[in-house]
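Please read the structure below before turning to the comments.
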Amino acid sequence: MNPLVPHYRRWTRRLRNLAGHLHLDARANHIVRRTDFTHCPRPVLLLYGFFSTRRVFEVLEQRLRRDGYSVWSIHLGGALDRFNTCGIDALARKVREKVERMYTRYPHMGPLSIVGHSKGGLIGMYYVKRLGGDARVRNLITLGTPHKGSRLAYLGCATLGWFSRSMWQLTPLSPFLKQLRMGAFPRNVRLASLYSKMDEVTPWASARLDVEGQPQVFNHELPDVGHGELLTRRAVYEVIRRELVAGYGECAQGLRAVSLPPSAS
């Protein structure tokens, strides 16, 4: 066999996974609001990833609503005011402003859970860890999030880095990510990272969190799941649902009690 064939196949898989992650529909941020915020005991905020839109959460949103969660998302803007390309810290401040407006308008909303896909997980992490989001948030669940960066971001820097600061923030040597990892995660917020060794966008080692001395932090490895499939596979959703139940505790009385699978070592 030609020695270049395995490399070709590997990069073909990576590009196919990346293409599946990008949703370029210009109308994909126009959604129908279905959540009644006047009765919202278990709100779940969904944060999408780089160059993506709110449309990626269609399947996950339907499942969460079916199980009694009040689901909402935020238009994060970016390129053409449609695609998520802005800096992670700037978007986290946007999330904080939106969340505070929501709780001011609907003071009876319950404690917040955040599910972030890819870069969206880092937005949630910065909000909770650096912007006081732990005062509002009960759970933070990240899906295929490059907590230690992704080498694929270097390709993004070469092509999109001239207008997307977040591409530089997502590189493995990023000072931004290094600073974000410093210090313990707030103990009153349950943090879980879901990842797969089949993810060709976010390396599994980058998605794993440091759990030492942090009993509220968990890693869950999922087999045979691609980057985009973290949003659609039922096996992934079962772990998301169980993490939400565990984090809400007594607030999740309306949900069927389930046991969490053991965290990946």
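Legend: residues meeting ring-ring contact (aromatic ring centres under 6.0 Å, His included) with Y126, ordered by chain and number and at least two apart, are F176. Taking R96 as the reference, nothing meets the salt bridge (Lys or Arg N to Asp or Glu O under 4.0 Å) condition, with sequence neighbours excluded. For the salt bridge (Lys or Arg N to Asp or Glu O under 4.0 Å) test, residues two or more places apart in sequence or in another chain that qualify with R136 are E100.
Judged purely by atom type and a 3.5 angstrom limit, Y103 uses its side chain to pair as donor or acceptor with the backbone of G110. Of the possible donor and acceptor atoms, none in the side chain of E238 sits under 3.5 Å from a partner among the backbone N and O of R234. No donor-acceptor pair closer than 3.5 Å links the side chain of K197 to the backbone N or O of P223.
Note that R138 lies outside the cation-pi zone of Y248, set by a 6.0 Å cut-off to the ring centre and a 45° limit from the axis.
Of all the heavy atoms in L140 and V189, the pair that sits closest is N-CG1, 4.1 Å. Minimum interatomic distance between A207 and T202 (heavy atoms only, all atoms of both residues): CB-CG2, 4.1 Å. Minimum heavy-atom separation, R187 to P215: NH1-CD, 3.1 Å. Looking at every heavy atom in both residues, E243 comes nearest to I141 through CB-CD1, 3.7 Å. Minimum interatomic distance between L209 and S193 (heavy atoms only, all atoms of both residues): CD1-CB, 3.5 Å.
Relative orientation of the Y195 and W204 rings is parallel, given thresholds of 30° and 60° on the angle between their planes.
Two residues are said to be in side-chain contact when any heavy atoms from C-beta on lie closer than 4.5 Å; H147 and T142 meet this criterion. For the pair R130 and M125, the minimum side-chain heavy-atom distance is 4.5 Å or more. Side-chain contact between I123 and L76: present, with at least one pair of heavy atoms (C-beta onward) separated by less than 4.5 Å. Taking 4.5 Å as the limit, some side-chain heavy atom of P146 sits within range of a side-chain heavy atom of L122.
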Salt bridge (charged side-chain N to carboxylate O under 4.0 Å, His left out) evaluation trace for K94 with E97: CA-CA 5 Å; K94 184 172 186 175; E97 293 168 3; over 6 Å; no
Report the C-alpha separation of D89 and Q169 in whole Å, then their side-chain angles, then the decisive distance to 0.1 Å, and conclude whether the side-chain hydrogen bond (donor to acceptor under 3.5 Å, both in side chains) test is met. CA-CA 10 Å; D89 46 342; Q169 293 176 323; 3.2 Å; yes
Kindly determine whether S70 and R65 satisfy side-chain hydrogen bond (donor to acceptor under 3.5 Å, both in side chains), including the steps that lead there. CA-CA 6 Å; S70 302; R65 290 187 187 282; over 6 Å; no
